[in-house]
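What follows is a short report on a single structure.
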Amino acid sequence: LFLALEDTDWRRALQIIDGMPEQAAVWVISTGTVETTFGWSLWRRLPLHEACRRQAPAWMISALLSSYPFAAEEATQFGELPLHLAVECGAPPEVVNLLVVTYLHGICAQDQSGRTPLEILQDSEMLAFEDHQVVFESLTRSQETYLTLLQQHADEVKEIKVRHAAGLVAIRQHHDEDLQQEQEQQEKLLAAVERLGRIAEEAKKNEAKNSEQVHHLTHVASTQKETLTLMDEQIRNITSSNSQKEIRIESLETQVSAKDQQIASLQSQVHDLQGDLQRMAGWQQDVLATQINHTEDSMQAMVEQFVGMVDMLAGQDDRLTSLLKTRNIPNPQKQQPKSVPSPRRNKTSEEKNSAREQRNIMDDETMNHIAAAATTALQVD
C-alpha cells in the first residue's frame, strides 16, 4: 500500500485497501542503511502521511481514514500530523477538511519546530493560489471554533469544580460545627469532673465530721461516672458518623468523575457522527461525478457514430452519382415541395410533426429513385 501511494497509483492503492484494510495502520520506517548526506534521513510514516505528502485526492484520503481513523492523530518523527503534511504540500481543500473533521485537535497541534498547520500555510508562498486561500480561511475558522469549544469546556469544568468545592465547604463546615459542639460538651464534662474532684477533696477533709455527706458525694460521683460512660459512647457514635460522612464525600467525588467521563464520551460520539456525515457526503459526490462522466462518454460515442454514418451515406451518395454519370443515366433530383404562402402564425405540434413526416417521405422517394438508377446501370453492364 505504501509503495502504491509513493508511486501515486491511487487505483491500485484503493484495491489494496479494499482487500487488506489493516495495511492502513502499518508504520513504514526507514532503516538508514543507505548512506545520505543528512542525519535526519531516517523517518517513520503511515500510509496516510505519505498520501498527504503526494497530494492524494479526497476519495483516497477518505478510504485511508475509513480503514484507520486514528492515523489522523499519529505524528512522524518530526512531530508532523497528516494535517501538517497536507497543508505544507498543497493538498486541496477537501483533503484538509477531511483531516480537520477526523481530528479537530490537530488544528492547534505543533510539530517539533513549534509550528501549527495555520502557521505553516502563513509562512508559505501558496496563499497566492485560490485553493490555498480557501484552505487558509477554512483553517482560520476551524481554529477559532476549536478555541471557542475549548473555552466552553474549560468554563463548564470550572463551574463543576466550583459547585463541588462549595458542596465540600458546606459539608466541612457542618462537620466543624459538630466537632465544635462535641468539644464544648467535652469541656463541660471536664469542668464537671474538676468540680466533682474539688467536692470530693472537700468531702475527704470533712469525712470525719460528716460521713453521711461523704456517702452522698460518693453516690454523686458514681452517677457522674455513668454519665461519662454515656458521653464516651456518644463520642464513639459521633466518630462513626464522621466516618460515614467521609465515605459519602468520596462517593460524591466518584460521581463527579463519572459525569466527566460521560461528557467525554458524548463529545467523542458527536465527533464520530460528524466524521460519518462528512464521509457520506463525499461518497455521494463521488457517485454523482462518476455517473456524469459515464453519461458524457456515452453521448460522445453516440455523436461520433452519427457523424460516421453521415460521412458513410455522403460517400455512397457520391459513388452512386458518379456511376449514374458514367452510364449516362439521369440523376433523380429531390422534389422540393411547393410552398403555399400563408399568413404568419405559430405552428402547432401536429403541423410540425406532419411537416417532418412529409420530408421523411420525400427523402425515401429520392433514395428509391437512386436505387432504381443504380440497378439499371448494373443491368446495362
Can you find a pair of side-chain heavy atoms, one from Glu88 and one from Glu80, that are under 4.5 Å apart?
-> yes

Please step through side-chain contact (heavy atoms from CB on, under 4.5 Å) for the pair Leu64 and Ile17, ending with a clear verdict.
-> CA-CA 7 Å; Leu64 290 169; Ile17 291 175; 3.3 Å; yes

Would Glu184 and Lys188 count as a salt bridge (Lys or Arg N to Asp or Glu O under 4.0 Å) if you check the C-alpha gap in whole Å, the side-chain angles of each, and the deciding distance to 0.1 Å?
-> CA-CA 6 Å; Glu184 291 176 357; Lys188 291 179 180 179; 5.7 Å; no

Give a yes or no answer on whether the side chain of Ser265 reaches the backbone of Gln261 with a donor-acceptor pair at less than 3.5 Å.
-> no

Sub-4.5 Å side-chain heavy-atom contact between Arg45 and Arg53 = yes

Measure the acute angle between the ring planes of Phe2 and Trp43, then classify it against the limits of 30° and 60° as parallel, tilted or perpendicular.
-> parallel

Do the side chains of Tyr103 and Phe70 get nearer than 4.5 Å, heavy atoms only?
-> no

Indicate yes or no: does Lys205 engage Glu201 in a salt bridge with an N to O separation below 4.0 Å.
-> no

Taking Gln112 for its side chain and Gln77 for its backbone only, find out whether a donor-acceptor pair lies under 3.5 Å.
-> yes

Rounded to the nearest 0.5 Å, how far apart are OG1 of Thr102 and CG of Leu65?
-> 4.5 Å

Among the clusters formed by ILVMFWY side chains lying less than 4.5 Å apart, do Ile160 and Ile249 turn up in the same one?
-> no

Group every Ile, Leu, Val, Met, Phe, Trp and Tyr by side-chain heavy-atom contacts under 4.5 Å, then state whether Leu3 and Leu1 land in the same group.
-> no

For Ala71 against Pro82, the heavy-atom pair lying closest together = O-CG, 3.4 Å

Between the side chain of Thr239 and the main-chain N/O of Ile235, is any donor-acceptor distance below 3.5 Å?
-> yes

Within a strict 4.5 Å, meaning less than it, do heavy atoms of the Thr229 and Glu233 side chains meet?
-> no

Which atom names give the shortest non-hydrogen contact between Ala58 and Glu94, and what distance separates them?
-> CB-CB, 3.7 Å

Donor + acceptor pair across side chains of Asn206, Glu202 (<3.5 Å) = no

Show the numbers, then the answer: is there a side chain to side chain donor-acceptor pair (under 3.5 Å) between Asp176 and Gln180?
-> CA-CA 6 Å; Asp176 293 340; Gln180 184 65 29; over 6 Å; no

Quick one: do Leu81 and Val96 end up in the same hydrophobic cluster if we chain Ile, Leu, Val, Met, Phe, Trp and Tyr together by side-chain heavy atoms under 4.5 Å apart?
-> no

Minimum side-chain heavy-atom gap Tyr68-Glu22 below 4.5 Å | no

If you measure from the Lys or Arg side-chain nitrogens to the Asp or Glu carboxylate oxygens, is any gap between Arg163 and Glu159 under 4.0 Å?
-> yes

Chi angles and distances behind the side-chain contact (heavy atoms from CB on, under 4.5 Å) call for Trp27, His49 = CA-CA 10 Å; Trp27 284 93; His49 294 122; 3.8 Å; yes

Should we say atom CZ of Arg44 is surrounded by more than 12 heavy atoms from elsewhere, each under 6.0 Å from it?
-> yes

Which heavy-atom pair separates Cys89 from Cys52 by the least distance, and what is that distance?
-> CB-O, 3.8 Å

Tell me, do Thr290 and His294 make a side-chain contact under 4.5 Å, heavy atoms counted?
-> no

Between CE of Met60 and CG of Leu48, what distance do you get to the nearest 0.5 Å?
-> 9.5 Å

Would you give the length of the straight line joining atom CG of Leu99 to atom CD of Glu73, rounded to the nearest 0.5 angstrom?
-> 12.0 Å

Given side-chain contact (heavy atoms from CB on, under 4.5 Å), test Leu139 with Gln143 step by step and report yes or no.
-> CA-CA 6 Å; Leu139 284 177; Gln143 184 173 359; over 6 Å; no

If you group Ile, Leu, Val, Met, Phe, Trp and Tyr by side-chain heavy-atom gaps below 4.5 Å, do Val95 and Leu85 land in one group?
-> no

Donor-acceptor pair, Ser222 side chain versus Thr218 backbone, under 3.5 Å?
-> no

Verify, without hydrogens or angle tests, whether Ser251 (side chain) and Ile247 (backbone) share a donor-acceptor contact under 3.5 angstrom.
-> no

Specify the closest pair of heavy atoms between Glu119 and Gly114, including all atoms of both residues, with the distance to one decimal.
-> OE1-O, 3.4 Å

How about Val193 and Gln224: do any of their side-chain heavy atoms sit closer than 4.5 Å?
-> no

Is it true that a side-chain atom of Asp111 and a backbone atom of Ser113 form a donor plus acceptor pair closer than 3.5 Å?
-> yes

Salt bridge (charged side-chain N to carboxylate O under 4.0 Å, His left out) against Glu74, all qualifying residues, sequence neighbours excluded = none

Listed partners of Lys245 passing salt bridge (charged side-chain N to carboxylate O under 4.0 Å, His left out), at least two apart | Asp178

Exercise: identify the closest heavy-atom pair between Ile61 and Ala51 = CD1-CB, 3.8 Å

Donor-acceptor contact below 3.5 Å, side chain Ser66 vs main chain Ser62 | yes

Tell me whether the centres of the aromatic rings in His84 and Phe78 are closer together than 6.0 Å.
-> no

Which of these passes side chain to side chain contact (heavy atoms under 4.5 Å, CB included) with Ser142: Leu147, Val101, Ile107?
-> Ile107

Stepwise side-chain contact (heavy atoms from CB on, under 4.5 Å) check, Thr140 with Glu144 = CA-CA 6 Å; Thr140 302; Glu144 293 174 355; 3.8 Å; yes

What do you reckon, is CE of Met299 surrounded by more than 12 foreign heavy atoms closer than 6.0 Å?
-> no

Hydrophobic cluster membership, Leu150 vs Leu118, 4.5 Å side-chain cutoff = yes

Between Gln244 and Ser240, is any pair of side-chain heavy atoms under 4.5 Å apart?
-> yes

So, Ser67 side chain and Ala63 main chain: donor-acceptor pair closer than 3.5 Å or not?
-> yes

Could you state the interatomic distance from CG (Leu5) to CZ (Arg54), rounded to the nearest 0.5 Å?
-> 9.5 Å

Spacing of NE2 belonging to His164 relative to CD belonging to Gln255, to within rounding of 0.5 Å | 10.5 Å

Measure the CD-CD1 distance between Gln110 and Ile120 for me, rounded to the nearest 0.5 Å.
-> 10.5 Å

